[in-house]
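Just so we're on the same page: letters track the sequence lines, and every chain starts at 1. Both backbone and side-chain heavy atoms feed into the values below; hydrogens, waters and symmetry mates do not.
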Number of protein chains: 2
Amino acid sequence: MTDVTTEHGPRRDRVAERRAATRREIIDAAWILAQDKGLAEFTLRDLADAIGLRAPSLYTHFASKDAIYDAMFAQGWADFVEVSLAWLPELPEQPRASLKVAARVFFDFAVENPVRYQLMHQRVIPGFAPSPESYAPSLRMQEIARHIFENLGTTDPADLDIWTALVSGMAHQQIANDLGGTRWSDQLDRVMDMFADGIGLPH
Amino acid sequence: MTDVTTEHGPRRDRVAERRAATRREIIDAAWILAQDKGLAEFTLRDLADAIGLRAPSLYTHFASKDAIYDAMFAQGWADFVEVSLAWLPELPEQPRASLKVAARVFFDFAVENPVRYQLMHQRVIPGFAPSPESYAPSLRMQEIARHIFENLGTTDPADLDIWTALVSGMAHQQIANDLGGTRWSDQLDRVMDMFADGIGLPH
DNA sequence: GTCTATACTGTGATAGAC
DNA sequence: GTCTATCACAGTATAGAC
């Protein structure tokens, strides 16, 4: 609380590292169980079993099951920010092509892991709402998207609203009605052309 | 099971009517509680209390809580079919205008009752999946949509897929990010124009 | 400071009396 | 057909062993 961190240096880090490692172990196991049994279906006893702990011991690391969801939510968005930033330099100069690549990055990230998509975009967990801290990476992502659109020469914020609705709408349909297929995936570029024409982007 | 219904006529109907009335009473109360406390948050004890029954008595009318969701799901889609059929004769001759009205009908129905939208389009209830019978009105709706698109002169089934993704995507964003506002509602006609241009509909 | 044993509360669901 | 009583199992709280 006071000057604990400087008391005697190296010891402290080991403890913190072990704690962080256990937290990560819990979250990793939670993702696997969520994909396996469903996001809301796995129990804390399942989760504890998966990493060789007793259920109450989880409370040493997380205040509640919702706190675990919260960490997963934050991680999902952080991963998406990371993927997006990695793609940023790769975006084509040509605005229309750039739009298509950006849409594909979003779409693929969503379809690649439907459970993660559920947690990030739907309110699937009864009573769960992300904390402000966990919501932060999501806001960060909006900034990145806004940046991409500025580079496109677009100034109307409504354009970004529409783009978000279209791409997430396509991803949602793909996940809900043709998981593993390409029924909507195949149409994504067409939709992007419609959008590009609509906001007056040059060919 | 055998010839019970014909045993002595009038008596039988009264019983059936009372049963149907109670079922309706349960479902109506469930919708109110769902809007009030959340779709998954209301308990069977809440529901029973609301209509002056004990929780176990609900099992006389529904086999499980999921069976209640199932009936709500079916009713939601049946209502949407009804609303759509009522609009069908009112659709403008002009294809583009017709598209916009149809989109508005879908969008307004979704936004008007977010909880119903959740149940109909998202998998918000852990473990709940609609029964084939309850899913039927949803298929009926697809038929109606296909009929509308045929009247537009559209033959490519992918066009309807895209249209569905766009309109539901817009509705989802409106519900999730600006409930009660018009941020996406105001852009719906623009999106429909983009779509109409994209599939080559005349002005 | 980490984990275990035990127990509490609220949930959907069932059994049997009336 | 509705009741009372009760079940199994969920998330969660706490006391104490090491």
Note to self: Does B:Arg45 contact C:dG10 through a side-chain donor or acceptor facing the base, at a distance under 3.5 Å?
What the structure shows: no

Atom-to-atom span, [atom1] of [X] to [atom2] of [N] - whole angstrom:
{"X": "B:Leu33", "N": "C:dG12", "atom1": "CG", "atom2": "P", "value": "12 Å"}
{"X": "B:Lys65", "N": "C:dG10", "atom1": "NZ", "atom2": "C1'", "value": "12 Å"}
{"X": "A:Tyr59", "N": "C:dT6", "atom1": "OH", "atom2": "P", "value": "19 Å"}

Next item on the list: Among residues two or more places apart or on two chains, list those pairs meeting salt bridge (charged side-chain N to carboxylate O under 4.0 Å, His left out) that have a residue in residues 81-110 of chain A.
Entry: A:Arg96-A:Asp193, A:Arg96-A:Asp197, A:Lys100-A:Asp193, A:Arg104-A:Asp189

Note to self: A cation-pi test, strictly: NZ or CZ of B:Lys65 under 6.0 Å from the centre of the six-membered ring of B:Phe128 and no more than 45 degrees from its axis. Yes or no?
What the structure shows: no

Check: Nearest nucleotide by nearest heavy atom, which residue falls closer to the 5' end of DNA chain D, B:Thr22 or B:Pro56?
Finding: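 Mapping each residue to its closest nucleotide by heavy atoms, the 5'-most match is B:Thr22.
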
Next item on the list: Report the residues that fulfil side-chain hydrogen bond (donor to acceptor under 3.5 Å, both in side chains) with A:Arg183, sequence neighbours left out, ordered by chain and then residue number.
Entry: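 side-chain hydrogen bond (donor to acceptor under 3.5 Å, both in side chains) list for A:Arg183, sorted by chain: B:Asp161.
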
Margin query: Just so I know, are the side chains of B:Ile199 and B:Trp163 near enough to count as touching, which here means a heavy-atom distance under 4.5 Å?
Written below: no

Margin query: Quick check on the 6.0 Å ring-centre criterion: do A:Tyr117 and A:Phe109 meet it?
Written below: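 Between A:Tyr117 and A:Phe109, the centre distance exceeds or equals 6.0 Å.
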
Next item on the list: Go through DNA chain D in 5' to 3' direction and return only the first and the last nucleotide with some atom under 4.0 Å of chain A's heavy atoms.
Entry: D:dA10 to D:dT14

Margin query: Mind checking if A:Thr43 touches a base, just sugar-phosphate, or nothing, with heavy atoms under 4.0 Å?
Written below: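 Since only primed, P, OP1 and OP2 atoms lie under 4.0 Å of A:Thr43, the category is sugar-phosphate.
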
Notebook entry, point to check: Reckon B:Phe42 touches a base, only the sugar-phosphate, or nothing at all at heavy-atom distances under 4.0 Å?
Noted result: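 Counting heavy atoms under 4.0 Å across all strands, the contact made by B:Phe42 is with sugar-phosphate only.
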
Margin query: Go through it in stages, so that I can follow the logic: the residues are B:Arg146 and B:Glu143, the test is salt bridge (charged side-chain N to carboxylate O under 4.0 Å, His left out), and I'd like the CA-CA distance, side-chain angles, deciding distance and then a yes or no.
Written below: CA-CA 5 Å; B:Arg146 217 164 49 80; B:Glu143 280 307 303; 2.9 Å; yes

